[in-house]
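Note sheet for the following structure.
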Amino acid sequence: MTEIELGRFPSVFARVKGINSKVREYRALIDPVYEYCVIPKGDAYLFGHSEVAFQQMTVGPPNARTLITGGGFNKTVVFEVGSVEIGGLFFEHVEFAAVDLPQQVGFEAVIGKSLLKHASVTLDWEHKLLRISKAS
Amino acid sequence: MFGSKKLTFPVKGPMRVVCRIEGQNKHARELTAFLDFNSTHCLMFAHDAIYLGYSDVANRAREWRGLFPEKAPYLISFRGVERAILIRLKQVSLGPFAVEDVTAVCLEAEPSLLLPYDVVLGRSFLDKFKVTYDGKAKSLSIS
């Protein structure tokens, strides 16, 4: 189990490793409302998923999805990354979607349900603590 | 805090529950609520707020902000920067839990009515509790 200080928003420092072993680090928002974890499209391309560049084609790649978000419909691709590390906990084969979030949000990445289904998250506002553990 | 009370419910898709909201005119409504601990305030539609006695929300937020800037905050959401009118709900109840004086906002650009909820319960309500999301058991508990 990892305990992290709970700030204004529940967020964690996540280290994402692509299938090509490239690594990116993010301050990521925890949000179980999101079906998939989210990283920017540019980083998805860097992780070897070049199909993010072709999603405007009439016939998209087989992993293309249309997601419904607060901002409306969002065309994207869904892919697996090698591993995600959060505070010493490793999660493997997590599904991510490539979405560029608005800059005003202050987060580039979101940890969604595709990772949180393997975890248990407690938000304790009284003690300002976020506890995350791997589901056994 | 609320002693040893605990409310657990299964998470199937969006985290929806039914809550009871009491307004300043003592009218109350039971509404389908969506739990979102990343939303700073609760969020509701203007027609529900007007029924509960908050007629301020009928104003346009950009004009209301000129008169009462503290009652018309700017919010940052995944849609970008949004204008809203702030109200204080008399009481919000969810199962055995009831919280008084909960801040809520009505957005100037309202979310689509096709969305399957009437109100978003944000941190102005949820930060009085300990919230646990268990992905393996697919459950959310509030204590």
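Any value given below was found using the heavy atoms of this structure, including those in side chains, with hydrogens, waters and symmetry copies removed. Just so it is clear, the model here is predicted, and its values are computed rather than measured. Every chain is numbered from 1, with letters handed out A, B, ... down the list of sequences.
Taking the side chain as every heavy atom from C-beta outward, B:Tyr133 and A:Ser120 never approach each other to under 4.5 Å. Counting heavy atoms from C-beta on, the side chains of B:Phe129 and A:Glu126 never come closer than 4.5 Å. Between A:Leu123 and B:Lys130 the shortest side-chain heavy-atom distance does not fall below 4.5 Å. Looking at A:Trp125 and B:Phe37, their side chains come closer than 4.5 Å, going by heavy atoms from C-beta outward. Two residues are said to be in side-chain contact when any heavy atoms from C-beta on lie closer than 4.5 Å; A:Arg8 and B:Arg123 meet this criterion.
A:Tyr34 contributes atom OH, which lies 9.5 Å from atom CG of B:Asn38 (distance to the nearest 0.5 angstrom). Here A:Lys117 contributes atom NZ and B:Lys138 contributes atom NZ; the two are 7.5 Å apart, rounded to the nearest 0.5 Å.
Heavy atoms of other residues, nucleotides or ligands lying less than 6.0 angstrom from CD of B:Glu63 number more than 12. Around CD of A:Gln103, the count of heavy atoms belonging to other residues, nucleotides or ligands within 6.0 Å does not exceed 12.
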Derivation and outcome, side-chain contact (heavy atoms from CB on, under 4.5 Å), residues B:Asp36 and A:Asp31: CA-CA 8 Å; B:Asp36 185 2; A:Asp31 196 343; 4.2 Å; yes

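Looking at A:Arg131, its side chain never comes within 3.5 Å of a backbone N or O of B:Thr132 through a donor-acceptor pair.
Neither the backbone nor the side chain of B:Leu140 has a heavy atom closer than 4.5 Å to any heavy atom of chain A. For A:Leu101, the part sitting under 4.5 Å from any heavy atom of chain B is the side chain, from C-beta outward, and nothing else. Neither the backbone nor the side chain of A:Leu115 comes within contact range of chain B, judged by heavy atoms closer than 4.5 Å.
B:Ile87 is connected to B:Phe68 through a chain of hydrophobic side-chain contacts under 4.5 Å among Ile, Leu, Val, Met, Phe, Trp and Tyr, so both are in one cluster. A chain of hydrophobic side-chain contacts below 4.5 Å, direct or via other Ile, Leu, Val, Met, Phe, Trp or Tyr residues, connects A:Tyr45 to A:Val81.
The greatest number of non-hydrogen atom pairs below 4.5 Å with chain B, out of A:Pro32, A:Pro102, A:Gly106, A:Ser11, is found for A:Pro32.
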